[in-house]
Amino acid sequence: MAREISSVGVIGLGTMGAGIAEVLARSGVSVVAVEIDDDGVHRGRGHLEHSTERAVTGGKLDADGRSALLGRIRYTTSLAELSDVDLVIEAIPENLEAKSDVFAQLDKITGPDTIFVSNTSSLSITEIGVHTARPGKVVGMHFFNPAPILKLVEIVRTVVTEPEVVTDVVAFAERLGKTPVVIGDRAGFIANALLFGYLNHAVRMYEQRYATREDLDAAMRFGCGYPMGPLALLDLIGLDTAYEILDTMYHQSRNRLHAPAPLLKQMITAGLLGRKAGRGFYAYDEPDSPTVTDAVTKSTVSTSDTVAPREVRKVGVVGTGTMATGIVEVFAKRGYEVILRARSAEKAAASVARVKKSLDKAVVKGKLSEEDAAAALGRISPAVEFEELADVDLVVEAVAEDLAVKQAVFAALDDVVKPGAVLATTTSSLPVIECAAATSRPSDVVGVHFFNPAPVMKLVEVVSTIATAPDVVATVDAVCAAVGKHPVHCGDRAGFIVNALLFPYLNDAVKMLEAHYAEADDIDTAMKVGCGLPMGPFELLDVVGLDVSLAIQRTLFNEFREEGFAPAPLLEHLVTAGRLGRKTGKGFKDYSAR
């Protein structure tokens, strides 16, 4: 049976410590809150009063509840006042020497059964614990910011942590209304180890001027459903904090992908620490404000403001798969005449029937009128011969992800489509320039990567090759605006923005599972609950398909030759065994009995 914990000390009343104190007091726990001096106490009290006032204004707490909550917190500048508490949570800045010193002092002050907890997000719990005479009672309890809102708590045990201490802390976390996952002592734990590699990769993309900050952030919000883009999230976390976490991870993993991007150090030196400083990747109207003052709504890579787009009235779509059918629906609903080219009349008819089914669903759900659905369907003309695309203004190729097949399509289009028409590929991973090279007009060829399902997903990655003409990009921008899509711009390299950021993160999750560091369900929980992602990495891999994921990961590795991009052997083994995810009933998880 878990031990009853009724009084807790919290050391450090910054944003994190004050948030933890609020969580404890809200759950009826008596809190002794310790700061280094009176100014620190004043700031910490201010954090708590401001946060709880917001909770009252938001209807999440009443005035009496707020008074009771604040009444459970006693403030002090003396560690000696922690002598009788059942558990102490340290939440001071990420400095091993400072944390170790605090724990060494606590060891002499508290009773022998007092549990010592560190809220570190990246430092070794083992290294902190050895500075006490009770390393078996030292554990990590990594809350996520803002602590009163986010449910995840990573419980970090060392090789000497007593099992009953872990049991007690897990039960305590559950009593606080949190979702605990228990893991071993490794830099970054689950969430940060996966999150910060992804954030660092985004900084490198920005540093290389591959994409603008707005496009990087929009790509992950609209393409993956993330609550924040990577650069905006770094501003929220604090660039100095991010640097320390990455540096700690790198010194343990020696993985080059964890080596902090040089731009981070430059920005920190210049005082551009993120929201708390009023400036980071973005500028804010004042320190600690979420209001961005210098964001632009259009990518600076785009030439739409200076180059006139070509006129597009009629669109051709080559292909009959899910993506092609979705793209046909997108254009037809927005008033474009669409020629749907298939390899046979039967395939064309089946594809049009799928569009009709989707339109009928939209009518049933009240998202489309019967008249508009009928009009959209009437704009679609099935075709078998490439010659029937002769007078289209834009062609979108959406056939299988096979370069030879795509090149054959582009060669055929080059023979029949009128001069000046834009030739687009919706490839998610193949080089656009290879498609362009199959034509005599590479300046007219561009990547237009829609996301699945195309009628729902807002994002389109507009991929320019070294040969793409500026007015072709402007044309695609104009068409995206006309069909209600959000274009982001990038160069022609493997993965573009979204897949290049997403799949190394997924691959890292597989490696974490492969190393037996945590179970797939715990890793999924950590990323969903701790980082607010719509799906955990293994849920997502199973939906995408492990074979598709492996192919993308191999493409990234072959292009960048980064050791960290090499596909995890476990992913390759599952594909070899035919466990491809939901489509086969088994992947990382078993769906056959569901």
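Taking CG of Leu430 as the start and SG of Cys435 as the end, the distance is 7.0 Å to the nearest 0.5 Å. Rounded to the nearest 0.5 angstrom, Leu368 CG and Ser358 OG are separated by 9.0 Å. Atom CG of Leu413 and atom CZ of Phe386 lie 5.5 Å apart (nearest 0.5 Å). Atoms CG and CD, from Leu571 and Glu514 in turn, are 9.0 Å apart once rounded to the nearest 0.5 Å. Remark: Leu546 CG to Leu574 CG distance equals 6.0 Å, nearest 0.5 Å. The structure places CG of Leu199 at 5.5 Å from CD1 of Ile237, a figure rounded to the nearest 0.5 Å.
Contact of the Phe538 side chain with the Asp521 side chain is not registered, since no non-hydrogen atoms from C-beta on lie closer than 4.5 Å. Within the 4.5 Å cutoff, no side-chain heavy atoms of His486 are placed close to those of Arg221. A 4.5 Å side-chain heavy-atom check between Val315 and Val479 finds every atom pair outside the cut-off. In this structure, His489 and Ser464 have side chains that are not in contact, with every pair of non-hydrogen atoms separated by 4.5 Å or more. Counting heavy atoms from C-beta outward, Phe565 and Gln553 have side chains that approach closer than 4.5 Å. Under the 4.5 Å side-chain criterion, counting only non-hydrogen atoms from C-beta, Val445 is not in contact with Thr465. Residues Leu377 and Val352 have side chains in contact (heavy-atom distance under 4.5 Å, counting atoms from C-beta outward). Annotation: side chain of Leu556 is not in contact with side chain of Asn507 (no heavy-atom distance under 4.5 Å).
Checked by atom type and distance alone, the side chain of Asn452 never pairs as donor or acceptor with a backbone atom of Met323 at under 3.5 Å. Counting only distance, with no hydrogens or angles, the side chain of Arg379 and the backbone of Tyr336 share no donor-acceptor pair below 3.5 Å. Remark: the backbone N or O of Glu154 is not paired with any side-chain donor or acceptor of Lys178 at under 3.5 angstrom. Within the 3.5 Å criterion, the main-chain N or O of Val138 finds a donor-acceptor partner in the side chain of Thr161. Side-chain N or O atoms of Asp492 include none that pairs as donor or acceptor with a backbone N or O of Val463 at under 3.5 Å. With hydrogens and angles disregarded, a donor-acceptor distance shorter than 3.5 Å links the side chain of Tyr210 to the backbone of Gly491. A donor-acceptor pair is defined here as one N or O able to donate and one able to accept, closer than 3.5 Å; no such pair exists between the side chain of Arg26 and the backbone of Pro148. No donor-acceptor distance shorter than 3.5 angstrom exists from the side chain of Lys511 to the backbone of Leu570, with no hydrogens or angles considered. Under a 3.5 Å cut-off, the side chain of Asn499 and the backbone N or O of Ala494 do not form any donor-acceptor pair. Of the possible polar contacts, none joining the Tyr505 side chain to the Gly197 backbone as a donor-acceptor pair under 3.5 Å is found.
Put simply, the residue from Val483, Val456, Val460 that forms a side-chain contact (heavy atoms from CB on, under 4.5 Å) with Val330 is Val483. Exactly one residue among Leu87, Ile115, Val117 makes a side-chain contact (heavy atoms from CB on, under 4.5 Å) with Val165. That residue is Ile115.
Closest non-hydrogen pair, Glu434 versus Gln407, comes out as O-NE2, 3.1 Å. The shortest non-hydrogen separation linking Ala332 to Ile380 is CB-CG1, 3.8 Å. In this structure, Ala518 and Ile183 approach most closely via the heavy-atom pair CB-CG2, 4.1 Å. When all heavy atoms of Lys151 and Val529 are compared, the pair lying nearest together is CB-CG1, 3.4 Å. Listed here is the closest heavy atom pair of Asp185 and Leu123: OD1-O, 4.2 Å. Shortest non-hydrogen contact noted between Asn119 and Met141 is OD1-O, 3.0 Å.
Atom CZ of Arg343 has 12 or fewer heavy atoms from other residues, nucleotides or ligands within 6.0 Å. The number of heavy-atom neighbours closer than 6.0 Å to CD of Glu174, taken from other residues, nucleotides and ligands shown, is above 12. More than 12 heavy atoms of other shown residues, nucleotides or ligands fall within 6.0 angstrom of atom NZ in Lys583.
By the 30° and 60° cut-offs, the orientation of the rings of Tyr206 relative to Phe281 is perpendicular.
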inquiry  = Run Thr325 and Thr322 through side chain to side chain donor-acceptor pair (under 3.5 Å) and show every step you take.
reply    = CA-CA 5 Å; Thr325 302; Thr322 304; over 6 Å; no

Criterion side chain to side chain contact (heavy atoms under 4.5 Å, CB included) on Ile190 and Tyr517, from CA distance to verdict = CA-CA 9 Å; Ile190 294 177; Tyr517 178 65; 4.0 Å; yes

query = Taking it one step at a time, do Leu359 and Lys333 satisfy side chain to side chain contact (heavy atoms under 4.5 Å, CB included)?
reply = CA-CA 9 Å; Leu359 292 170; Lys333 280 199 297 196; 3.7 Å; yes

inquiry  = Determine whether Thr241 and Glu94 satisfy the following criterion, side chain to side chain donor-acceptor pair (under 3.5 Å), listing intermediate values before the conclusion.
reply    = CA-CA 8 Å; Thr241 302; Glu94 291 286 87; over 6 Å; no

ask   = Between Phe222 and Val488, does a side chain to side chain contact (heavy atoms under 4.5 Å, CB included) hold up when you go through it step by step?
value = CA-CA 10 Å; Phe222 293 126; Val488 296; over 6 Å; no

ask   = So Val181 and Phe189, side chain to side chain contact (heavy atoms under 4.5 Å, CB included) or not? Walk me through it.
value = CA-CA 10 Å; Val181 294; Phe189 313 136; over 6 Å; no

task = Go through the steps to decide whether Lys589 and Asp524 satisfy the test salt bridge (charged side-chain N to carboxylate O under 4.0 Å, His left out), and finish with yes or no.
result = CA-CA 11 Å; Lys589 302 181 182 185; Asp524 278 353; 2.6 Å; yes

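The pair Lys406-Glu397 meets the salt-bridge criterion, since a charged nitrogen lies less than 4.0 angstrom from a carboxylate oxygen. Salt-bridge formation is detected for the pair Glu572/Arg554: a Lys NZ or Arg NE/NH1/NH2 atom is positioned less than 4.0 Å from an Asp or Glu carboxylate oxygen.
Aromatic rings from Phe560 and His201 are positioned such that their centres are separated by 6.0 Å or more.
Geometrically, Arg254 engages Tyr250 in a cation-pi contact defined by less than 6.0 Å to the ring centre and at most 45° from the axis.
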